[in-house]
Amino acid sequence: MKDLLAEYRSRFVESPGVVAYLDGNSLGRPLAASVDRIAAFATEQWAGRLIRGWDEGWLDLPLAIGDELGRVVLGAAPGQVTIGDSTTVLLYKLVRAAADRDEGRTELVIDRDDFPTDRYVLEGIARERGLTVRWIDEGDVTPDRVAAVVGPKTAVVVLSHIAYRSGFLADIPAITSVVHDAGALMLWDLCHSAGVAPIDLDAAGVDLAVGCTYKYLNGGPGSPAFAYVRAGLHLRQPIQGWLGSRTPFAMGQGYEPADGIRGMLSGTPPIIGMLAMRDMVALIDEVGLDAVRAKSIALTTFAIELADSRLPAARLATPRDPAHRGSHVTLDHPAFESIMPKLWARGVIPDFRRPDGIRLGLSPLSTSFDEVELGVDAIAAELALVS
Ligand SMILES: *Cc1c(COP(=O)(O)O)cnc(C)c1O
């Protein structure tokens, strides 16, 4: 298999004892450039500038990095993306804001198989505001299935672009347009697609989006999430902190929200946490998202071919059609849970998703075809020992 992006693997820090890292969709590996950037920040910026740093650029970083991410990864013009909080908290802020927009719209729509935090946040908001959650129940999220549950009562629809378990890739433009036809707002969760699949939020007219930066954006454990709010969409978010106010340093009475994306901020931004993602965004910019996507498809295709031939007892939970597939492949087998500790002990690191799935997360800039083969062979060998 010709790997056109092979040279980029050497930009990542090595992990001793790991022979196949297949969990880049849970926690991306660190770039060497990020290690240098964080160390330099500590000495030159934190120690060197101390409190003066806030006025010399730190306070602008959430929106400045947001703009970089918007341009390279999200298809978003400047001024619509900010970095901060966790995905969970940003989901709460944006969904609450969207639900508060129109009192006549009392329903929130989500997929039954979406990531737990997304479901729990919506259920919590429904409880708090006396709203109803409408579920998409019968499988992958297609425009038809969305059309069947939206209507004049829908306030906002929350869906994942790439499903965390199956890897199904939803059609952002088509579904967004179905939701808009019902007069509702569309929020896309991009946790499993940002940095690995092309996204064009502006072109699709998407209203809102959130996503992680520690998965395919390699921001490091717990790096802050991003939020996108379409320019011209005026929403009032529920966590009224000083940095989202119009004049934070006036220290005045009463909260007046800042205009635009700045109004989505709440408290002091997590500066150190947002440094590493800059290097991955710069690398994606250098390589190009289309080339990243091409290798992603080649990697997942290779994984599925290997699974077909060497793991015939496992069931593929991921779409075979690459057009409907993200960058991870999930295989189900009742014995998989029992072999996970053995895989990790031999330096083969996929992850496990209930009830019985091994998930191979393939991060195109850091994962090699050899790692995929080594990983599938290790799974086959361990499975043979227990069955
Ligand atoms: C990873 C992931 C999250 C994680 O949310 P955190 O607040 O960062 O813990 C949320 N939603 C989806 C779809 C995810 O894949």
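On a predicted model such as this, the values are computed, not experimentally measured, just so you know. For ligands, and for the atoms within them, numbers begin at 1 and follow the listed sequence.
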Check: For S266 and W242, does a side-chain donor sit closer than 3.5 Å to a side-chain acceptor?
Finding: no

Next item on the list: Sort out the contact shell of ligand 1: every protein residue with a heavy-atom distance below 4.0 Å, listed by chain and number.
Entry: S86, T87, T88, F115, T117, D118, S160, D189, C191, H192, C212, Y214, K215

Margin query: Walk me through whether R49 and E44 qualify under salt bridge (Lys or Arg N to Asp or Glu O under 4.0 Å).
Written below: CA-CA 7 Å; R49 302 313 301 155; E44 291 158 26; over 6 Å; no

Margin query: Is there a side-chain contact between D23 and S26 in this structure, where contact means two heavy atoms from C-beta onward sitting under 4.5 Å apart?
Written below: yes

Checklist line | Of all pairs that satisfy ring-ring contact (aromatic ring centres under 6.0 Å, His included), the ones with a partner from residues 108-143, not counting sequence neighbours | finding: F115-Y164

Margin query: Once salt bridge (Lys or Arg N to Asp or Glu O under 4.0 Å) is applied, what residue pairs with a partner in residues 288-300 remain, sequence neighbours excluded?
Written below: D3-K295

Item checked: All pairs passing side-chain hydrogen bond (donor to acceptor under 3.5 Å, both in side chains) where residues 69-78 contributes a residue, at least two apart -> R71-D285

